[in-house]
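Order of appearance sets the numbers: ligands from 1, and atoms from 1 within every ligand.
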Amino acid sequence: MLQAEGIKVRYGEIEAIHGVDLTVGEREVVALIGANGAGKSTTLGAISGLLPTTAGKITFAGNDVTGWPADKISRSGMALTPEGRRVFAQLTVAENLMLGGAAHAGRVERMQRQDELLELFPILRARMTQKAGNMSGGEQQMLAIARSLMSRPKLLLLDEPSLGLAPQMIDKVFDLIGALRKAGLSILLVEQNVALALEIADRASVLRGGSIALSGDADELASSDLVRQAYLGVH
Ligand SMILES: Nc1ncnc2c1ncn2[C@@H]1O[C@H](COP(=O)(O)OP(=O)(O)OP(=O)(O)O)[C@@H](O)[C@H]1O
Ligand SMILES: [Mg+2]
């Protein structure tokens, strides 16, 4: 589904990621974990075409998408839910959703897609006419994910979906990720909640200082000394 090989990104003089390799298979959930500033969001930005790469190759759904603009990558079946949600606070939930698929499909198809999605997002169904800005952080996160799914992606990139949410909402977000996988989606999950991320993921990679320090099956990583000490607080 997705293969990134040796990708590098610089911000001006400074190289933020130094040759990252990452793969996500069909229906797989892959977690990308690492400390603040490790380069997780930069990696997602490079894969989704929002940030230019200075080296490496990105293959997605059978195409070499290296250097493709973000909108073309999005139309080929990839969606990103960025860090910090970013819903349109002044617009209603329904309006936010309809904007989600706007570049991909006409209104009738988007209405259909919205109906399907509301099955997975009961929280949103009751709030369709409410302004997004008046919802809780967790509800806004659900809306941000639902909006990303309006384009019917094959691969979803999720950047820190649980950040700043109440524990109960974190559980709901992770239940949703499980449901999305069941529905056939492939997911690349960036998370600071390492324990939960490794629980739901099939495989995981640890990013440290802009390079992959460790990759493997999520269970293996969860029991590795490096992950236990650095990210799970076990000494
Ligand atoms: N727009 C930018 N301009 C310059 N440097 C940047 C920019 N965005 C990120 N960086 C730097 O690149 C490195 C990687 O940042 P990135 O946001 O990818 O990390 P992250 O792993 O997502 O961190 P966090 O957990 O805080 O979200 C950091 O050193 C950061 O300061
Ligand atoms: Mg980040």
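In summary, an N, O or S atom of Ser41 is located under 2.8 Å from the Mg ion (ligand 2). Under 2.8 Å from the Mg ion (ligand 2) lies an N/O/S atom of Glu83, whether from backbone or side chain.
For Arg10, the CZ atom sits in a packed shell: over 12 heavy atoms of surrounding residues, nucleotides or ligands are nearer than 6.0 Å.
Taking the side-chain hydrogen bond (donor to acceptor under 3.5 Å, both in side chains) definition, one finds that Glu26 meets it with nothing, sequence neighbours left out.
Looking at Glu109 and Arg152, a side-chain N of the basic residue comes within less than 4.0 Å of a carboxylate O on the acidic one, giving a salt bridge. A salt bridge is defined here as a Lys NZ or Arg NE, NH1 or NH2 lying under 4.0 Å from an Asp or Glu carboxylate O, and Arg27 with Asp202 fails to meet this definition.
Shown are Leu156, Leu2, Val30, Leu155; of these, the side chain to side chain contact (heavy atoms under 4.5 Å, CB included) with Ser186 is made only by Leu155.
Criterion: ILVMFWY side-chain heavy atoms under 4.5 Å apart, direct or through other members. Under it, Met98 and Ile145 are part of a common hydrophobic cluster. Hydrophobic clustering (ILVMFWY, side-chain heavy atoms < 4.5 Å, transitive): Met150 and Val173 are in one cluster.
Using a heavy-atom distance under 4.0 Å as the criterion, the protein contacts of ligand 1 are Tyr11, Ala16, Ala35, Asn36, Gly37, Ala38, Gly39, Lys40, Ser41, Thr42, Glu83, Glu160.
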